[in-house]
Enquirer: 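Okay, handing you the structure first.
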Amino acid sequence: MSSIAIINTSSPYSSASAQESLDLAMVAGTFGQKVALFFIDDGVFQLVTGQSASTVGRKDFHKSFAALEFYDVEDLYVCQQSLLERNIPADNLSIEVTTLAKTALANTIAEYDHILRF
């Protein structure tokens with residue numbers, strides 16, 4: 001079975017990238033692929049609780065995070081340094097993720113067959 005690392009580096013509503021990466025994760029999970037989501041740099045803003053997409057005229061995709069487990073997407077990682085640089089406490093995230101230091105994050109990403117960056 002092929003494995004896919006989906007790396008999110010953009011803020012949630014700056015483009016459609018965040019929604020597209022989430023859609024890709026669910027589709028790949030549906031077809032039995034091993035999928036992991038990684039949140040790095042401004043991608044960590046996708047995880048912050050209490051966001052509202054209506055203020056920027058976009059669809060709110062945060063509710064879709066709860067559905068990931070139904071698509072067998074259970075490996076969710078966030079960069080500890082990215083959280084610290086943006087002053088985001090780990091307890092202010094909307095979903096449960098594994099926090100990894102930069103080196104551990106890079107090592108985990110290297111374990112996947114395919115790497116896609118959004």
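Keep in mind that the numbers below use all heavy atoms, side chains included, and drop hydrogens, waters and symmetry copies.
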Enquirer: So do Asp42 and Ser10 actually touch side chain to side chain, heavy atoms under 4.5 Å?
Expert: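 The answer is no; the side chains never approach within 4.5 Å.
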
Enquirer: Spell out, yes or no, whether Val48 and Ile40 are grouped together once hydrophobic residues are joined by side-chain heavy atoms under 4.5 Å, including indirect joins.
Expert: no

Enquirer: Are Leu68 and Phe39 connected in the hydrophobic side-chain network, where two residues link if heavy atoms are under 4.5 Å apart?
Expert: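 In one cluster: yes.
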
Enquirer: Nearest heavy-atom pair of Val35 and Gly29: which atoms, and what distance?
Expert: CG2-N, 3.9 Å

Enquirer: Counting only N and O atoms by type, is there a donor-acceptor contact under 3.5 Å from the side chain of Asn8 to the main-chain atoms of Phe118?
Expert: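 Pair absent, no side-chain N/O of Asn8 close to backbone of Phe118.
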
Enquirer: Can you list the steps and then say if Asp75 with Thr98 is a side chain to side chain contact (heavy atoms under 4.5 Å, CB included)?
Expert: CA-CA 8 Å; Asp75 297 326; Thr98 301; over 6 Å; no

Enquirer: For the atom pair CG (Leu24) and CG (Leu116), what is the distance rounded to the nearest 0.5 Å?
Expert: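 Interatomic distance, Leu24 CG to Leu116 CG, rounded to 0.5 Å: 6.0 Å.
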
Enquirer: Just wondering, do Leu93 and Val44 contact through their side chains at under 4.5 Å, heavy atoms?
Expert: no

Enquirer: Is there a side chain to side chain contact (heavy atoms under 4.5 Å, CB included) between Ser2 and His114 once you walk through the steps?
Expert: CA-CA 8 Å; Ser2 180; His114 306 283; 2.9 Å; yes

Enquirer: If every non-hydrogen atom of Met26 is compared with every non-hydrogen atom of Tyr71, which pair is closest and at what distance?
Expert: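 Closest approach of Met26 to Tyr71: O-CD2, 3.3 Å.
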
Enquirer: In terms of hydrophobic clustering (I, L, V, M, F, W, Y; side-chain heavy atoms under 4.5 Å; direct or indirect links), are Ile4 and Leu22 co-clustered?
Expert: yes

Enquirer: Roughly how far, to the nearest 0.5 Å, is the OG1 atom of Thr99 from the CG atom of Leu84?
Expert: 9.5 Å

Enquirer: Once rounded to the nearest 0.5 Å, what's the spacing between atom CD1 of Ile115 and atom CD1 of Ile6?
Expert: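 Here the rounded value is 11.5 Å.
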
Enquirer: Would you check if Tyr77 and Ile109 make a side-chain contact, meaning some heavy-atom pair closer than 4.5 Å?
Expert: no

Enquirer: Are more than 12 heavy atoms from other residues, nucleotides or ligands located less than 6.0 Å from atom CZ of Arg86?
Expert: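 For Arg86, atom CZ is crowded (more than 12 foreign heavy atoms under 6.0 Å).
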
